[in-house]
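Take a look at the structure below.
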Amino acid sequence: MAPRKSSRKFSSNLGAPYLRNIRSDPERMKGTQFPFTIPAFRHGIALDLPTPVTFFVGENGSGKSTLLEALAEICGFNPEGGNRDHYREAREDRSELAQALRLSWMPKVTEGFFMRAESFYNFASYLDGVSDFTAYGGKSLHHQSHGESFLALFQNRFEQGLYILDEPEAALSPQRQLAFLRIIHELETPRHAQFLIATHSPILLAYPGATLYQFEEDGIQEVAYRDTDHYLVMKAFLNGPERILRHLFSEEDESDA
Ligand SMILES: Nc1ncnc2c1ncn2[C@@H]1O[C@H](COP(=O)(O)OP(=O)(O)OP(=O)(O)O)[C@@H](O)[C@H]1O
Ligand SMILES: [Mg+2]
């Protein structure tokens, strides 16, 4: 595992979690079009964030990215990924969901970052254009593999603040996901950083002491790690891939018959 940079500066009087809860305004959640039609949002959004690490988990299309994007927007982070400095085209109009959400902070922080896996390449190009490469292990992010550049960013850019990450595992091998958990641990334990992470990774979800919210048809529910669909499916699969696959393909044969 690469050695960690040790020159971080923190102000000691602040402690994560900074963002304490997210509530929707019932009047503004009544829209009949996207994003208000997303089943998980139907009964409103009321999420407490008591721990520095919160995971959003749920099926594809259940609304995780939509919520993270709205939160990033409210925080003033670039919706394409980045921090406030990187948000060059400030949008006049907030998205409807951003307008419908109320955030409670203690204390309010402005430092932080929004990162989505799919726009990392563009973001890396932008960072390469404005940064000193020594900030990324002495190498342009484009001259590192996808996973290496992701981890270089995590290792060298994360400081105090709120980090909103959409599927950070996308580029990371299982070993690198463990390395990523170590970075979270290093920042979270002294309560310097707060993380809101949408993930499908049963490795990341195992982070001890995290709050897990599962996006479901009837709302966003707190869930224990071992009760998440992702943990259950992955565990069943790894316990017996052949059995699961046999079952899967026999269902297919039956439906063909
Ligand atoms: N701009 C849009 N207009 C209309 N519908 C949209 C728009 N963006 C997303 N959706 C729909 O909203 C739902 C939630 O999408 P979202 O991207 O938030 O899901 P997700 O939970 O992040 O999924 P995944 O795990 O695949 O990343 C999906 O059904 C999607 O098709
Ligand atoms: Mg998503």
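Position 1 is the first residue of the sequence, and the numbers go up from there. Quantities reported herein were computed from a predicted structural model and do not represent experimental measurements. Each ligand, and each atom within it, is numbered from 1 in the order the structure gives.
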Self-check item: Leu67, portion touching ligand 1 at heavy-atom distance under 4.0 Å
Solution: neither
Quiz item: Is the shortest distance from a heavy atom of Glu59 to ligand 1 less than 4.0 Å?
Solution: yes
Quiz item: Is His200 near ligand 1, meaning one of its heavy atoms is under 4.0 Å from it?
Solution: yes
Is any NZ, NE, NH1 or NH2 atom of the basic residue among [X] and [Y] found under 4.0 Å from an Asp or Glu carboxylate oxygen of the other?
X      : Y      : value
Arg23  : Asp48  : yes
Glu188 : Arg191 : no
Asp166 : Lys64  : no
Arg116 : Glu69  : yes

Practice problem: Please report which non-hydrogen protein atom sits nearest to atom 23 (O) of ligand 1, along with the residue it belongs to and the distance in Å to one decimal place. | Solution: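 Nearest neighbour among protein heavy atoms for atom 23 (O) of ligand 1, to 0.1 Å: Gly61 N, 2.8 Å.
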Practice problem: Would you mind checking which non-hydrogen protein atom is closest to atom 8 (N) of ligand 1, with the distance to 0.1 Å? | Solution: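 In this structure, atom 8 (N) of ligand 1 has Phe34 CZ, 3.3 Å as its nearest protein heavy atom.
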Mark up the atoms of ligand 1 that fall under 4.0 Å of a heavy atom belonging to [X], in ascending order.
X      : value
Ser62  : 19 (O), 20 (P), 21 (O)
Thr66  : 14 (C), 15 (O), 16 (P), 18 (O)
Glu167 : 24 (P), 25 (O), 27 (O)

Quiz item: In terms of heavy-atom contacts, does CE of Met29 have more than 12 from other residues, nucleotides or ligands at under 6.0 Å?
Solution: yes
Quiz item: Are any N, O or S atoms from Ser65 nearer to the Mg ion (ligand 2) than 2.8 Å?
Solution: yes
Quiz item: Does Gly58 reach ligand 1 with a nitrogen or oxygen that is under 3.5 Å from one of the ligand's nitrogen or oxygen atoms?
Solution: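 No - when backbone and side-chain N and O of Gly58 are compared with those of ligand 1, no distance drops under 3.5 Å.
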